[in-house]
Amino acid sequence: MGGWMGRILRVDLTRGEWREEALDARLAADYLGGRGLGARIISDEVPPGADPLGPQNVLAFCTGPLTGTAAPAAGRFSLSTRSPLTGLIHDSNAGGTWGVRLKRCGYDALIITGRASAPCWLFLDGERVETLDARPFWELDTWAATSGVAGAAQGLVRGAAVGEAAAAGGGTVAGEEPAGVSVLCIGPAGTSGALLAAIIVDGRRALARGGVGAVMGAKNLKAIAVAGARRVEVADPAAFQFVAYEAQKLVSANPVTSRALPQFGTAVLVNLMNELGILPARNFTASQFEAAGALSGEAMAATLLVRRAACWGCTIACGRVIRSLPGADDADGARDAGSAGAAGAAGAASARRDHEEGPEYESIWALGADCGIGSLEDVVRANRLCNRLGLDTISAGATIACAMEIGTRGGDGPAFGDAAAQRRLLRGMAGREGAGADMAGGARRYATRHGAADLAMHARGLELPGYDPRGMQGQGLAFATSNRGGCHLRANMLSCEVLGLPKMVDRFASGGRAGILIVLQHAHAAMDSLGVCKFAGLALTDEHWARLLTAATGVAYRTQDLQRAGERIWNLERLYNLRVGSGGADDALPARLVTEPVAAGPSAGHVVELLPMLAEYYRFRRWDGAGRPTPPKLAELGLAGLEGLADPAGSEGSEGSAGTEGSEGGDRHA
Amino acid sequence: MLEEFAKIGRDIFQEGMVSSHGGNLSVRVGDRILITRRGSMLGELKAGDVVETGVDKDDWGIALASSEIVVHRAIYQATSALAVVHAHPPHAVVLSLLQDEIIPIDSEASYLLHRVPVVTAEKTIGSEEVARIVPEALQGYKIVMLRGHGSFAIGQFLEEAYQWTSVLEASCRMLYLMRALEGKPREYRKGSDSYGKW
């Protein structure tokens, strides 16, 4: 078998047991891996009534058949679970090196069930699976915890006994990847149960969205270190090398992947979005921000950039390593490692850092423009705080922006532009203290509690990212129909509505958008399942991925087969969401975006024309008028067995989707 | 939408890739198909020259639709295409009579197409046989040649399907010129011996 490793590791934290299983070849062929395999696992194993923060929820870390191969930008993995923030089936996706090292342990997936009786962390290298005491690291921020866990894991790799491992390592400089091992961990936000908690990967990337960090925290799991060193084999090396070479030629020739992203990172979008009137400002009350230039990728390159950073196997290198700002927030919100006993060495290492990961476009937008904050230094500090505390920058920033608008309207909340208040609230969110505690459940819950539900800019409970869809009609449909809620990664219409990839369309036109979006949704589902980066996908087509997959696995995939796999994954996710009560009524956007025209700028006068696009979308998908996949469609996709599990009654209202409301505010974790 | 059809149709005609009344274009919108009218002139499409009917089912629009609609429908049913361009690019058609595949020698087509398969049918216009073999080939390729007849290209946009058609014909013209010069090209592409396996 090539591409796939053929084994899954299952760890039961309640019983302290683990076992290996063979990867089901049929499931692998149909769902590919990554997000697709994870969706099937969650669909099969997490019942609709399960509390996302209870032991019944599952964490499925899945690599794809191209993860760790020589395909362009193939260093990614996904985490599937049921989101405590939205209640929906959810996956987050990250790069770095962690996924590659998990796969090199010999596993396509790591499935974690149950709940440990005491704080623990996991170590695996393909031969051993160790559950270790995480009490020395539990309260540490993600930098210190990554460093401490990495040091202990390196000790295990060198042969130290488990009892000695925690003291054996020397740690790493925070923000840098440890040699030989990769670590993902949660910070104070995850251990406190904040529903905006992220998981930080390799100290610098993130499984950010949906509150996945809280799920780890609820399982008493602080970190996972992986140290696999096996080779990832492909079925036909010569064919694989040829297709990978041809694909890389296009990545190197496309100005987006060879110049724009490498030079300026994702922040290259700040000025572009602003020029087009798509950059939401002050909680989407405007679509341009007067200080965009100061927050731009160009400004960052001119002032703070030290060097570019790449995930494993990527030539695009969109990551930014920037100079750390003096007098920032080292001791804020989280206990540093210096006094943490066995992790002391890690703490010392942490204090030595003089550079760090710079903010991405979405973080700059959420912590900057959306909150009315126009200082790049303030945004960098807030971004660092989120990374160390383990918070989703988009949801955290957007929730504070919502509070700021409520405050501006005379309610209880800070004013737009108050960076000090923002930092205070971020610490409060993570520690669930003070005013920030009220925001730890995200914008929808916060705004509803404050009698201003319409001011929460979300879809299905997930805060929207940094694109005003009134200036991108297709993006509005993408947000409304996204299976994980307000998200630009299920399908980003930026490609054809702004970048002209593969062809430019009129971004203000709504007719014909459904078909384009659906093809993109399937393509993204496939890429998330293969273990590759969507940025490489900007230069490539499904055809390249299909040929790479064929050469890697020895299973013949045509372009259309990849699209079909994406469609199967999309419909499976939709079925799960219907089961938990989120159906057609939730295919919606905040009222502001469909009723309030943009006041000024290039998008002036426009609202999202959602309803006609949605009707076209359902017809295209062959779903019924309530947004449910029809029996013939499910049969065509091999999902007929799951049809009866959908709950038609639940799709009539959105309240049911708050199956997670019971855990909102962390009643169990207060 | 008519504007887009007219622009692409005019360019295809002006490039000499169809005769006065040859070729046809379509797009899929949900369960509907918009397709050029039977007997329309791609170089001069006007109101009434783009007709609408079902992707799966006939209705009154079928009376006016291009005779190739059976192939267009089969392509939409078998692939994720949102647009189809069918043309009769002369250099590509001639090469399709001489060989079983077209492997470009120029950079642009090498990057974009790598290899274009040639399929054969006994009845080459609007037949069930073509509706079976062309969509099957398009599940793995974005453009294919039907021997002696013409090209079928797919894309998310008409412009995209048109691009594959134009790139193929330009590439075949270069192949023709090279052969006319009876020269042996100097290979400049690493791994070009693998293009036949694309």
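All values below come from the heavy atoms of this structure, side chains included, with hydrogens, waters and symmetry mates left out.
Comparing A:Gly511, A:Pro502, A:Ala509 by heavy-atom pairs within less than 4.5 Å of chain B, the highest count is held by A:Pro502.
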Less than 3.5 Å apart and able to act as donor and acceptor by atom type: which atom pairs between chain A and chain B qualify?
{"from": "A:Glu246", "atom 1": "OE1", "to": "B:His114", "atom 2": "NE2", "distance (Å)": "2.8"}
{"from": "A:Glu246", "atom 1": "OE1", "to": "B:Tyr195", "atom 2": "OH", "distance (Å)": "3.1"}
{"from": "A:Glu246", "atom 1": "OE2", "to": "B:Tyr195", "atom 2": "OH", "distance (Å)": "3.3"}
{"from": "A:Lys503", "atom 1": "NZ", "to": "B:Gln163", "atom 2": "OE1", "distance (Å)": "2.5"}
{"from": "A:Glu543", "atom 1": "OE1", "to": "B:Lys142", "atom 2": "NZ", "distance (Å)": "2.6"}
{"from": "A:Glu543", "atom 1": "OE2", "to": "B:Trp198", "atom 2": "NE1", "distance (Å)": "2.8"}
{"from": "A:Arg547", "atom 1": "NH2", "to": "B:Gly140", "atom 2": "O", "distance (Å)": "3.0"}
{"from": "A:Arg558", "atom 1": "NE", "to": "B:Gln139", "atom 2": "OE1", "distance (Å)": "3.4"}
{"from": "A:Arg558", "atom 1": "NH1", "to": "B:Gln139", "atom 2": "OE1", "distance (Å)": "2.3"}
{"from": "A:Arg558", "atom 1": "NH2", "to": "B:Gln139", "atom 2": "OE1", "distance (Å)": "2.7"}
{"from": "A:Thr559", "atom 1": "N", "to": "B:Gln139", "atom 2": "O", "distance (Å)": "3.0"}
{"from": "A:Gln560", "atom 1": "N", "to": "B:Gln139", "atom 2": "O", "distance (Å)": "3.1"}
{"from": "A:Gln560", "atom 1": "OE1", "to": "B:Ser80", "atom 2": "N", "distance (Å)": "2.6"}
{"from": "A:Gln560", "atom 1": "OE1", "to": "B:Ser80", "atom 2": "OG", "distance (Å)": "3.1"}
{"from": "A:Gln560", "atom 1": "NE2", "to": "B:Ser80", "atom 2": "OG", "distance (Å)": "3.2"}
{"from": "A:Gln563", "atom 1": "OE1", "to": "B:Ser80", "atom 2": "OG", "distance (Å)": "3.2"}
{"from": "A:Arg622", "atom 1": "NH1", "to": "B:Asp56", "atom 2": "OD2", "distance (Å)": "2.9"}
{"from": "A:Arg622", "atom 1": "NH2", "to": "B:Asp56", "atom 2": "OD2", "distance (Å)": "2.9"}

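Between A:Ile516 and B:Leu82, the shortest heavy-atom contact is N-CD1, 3.5 Å. Nearest approach of B:Gly191 to A:Phe242, heavy atoms of both residues: O-CE1, 3.4 Å. Summarising the geometry of A:Phe620 relative to B:Gly30, their closest heavy-atom pair is CE1-N, 2.7 Å, with the distance given to 0.1 Å.
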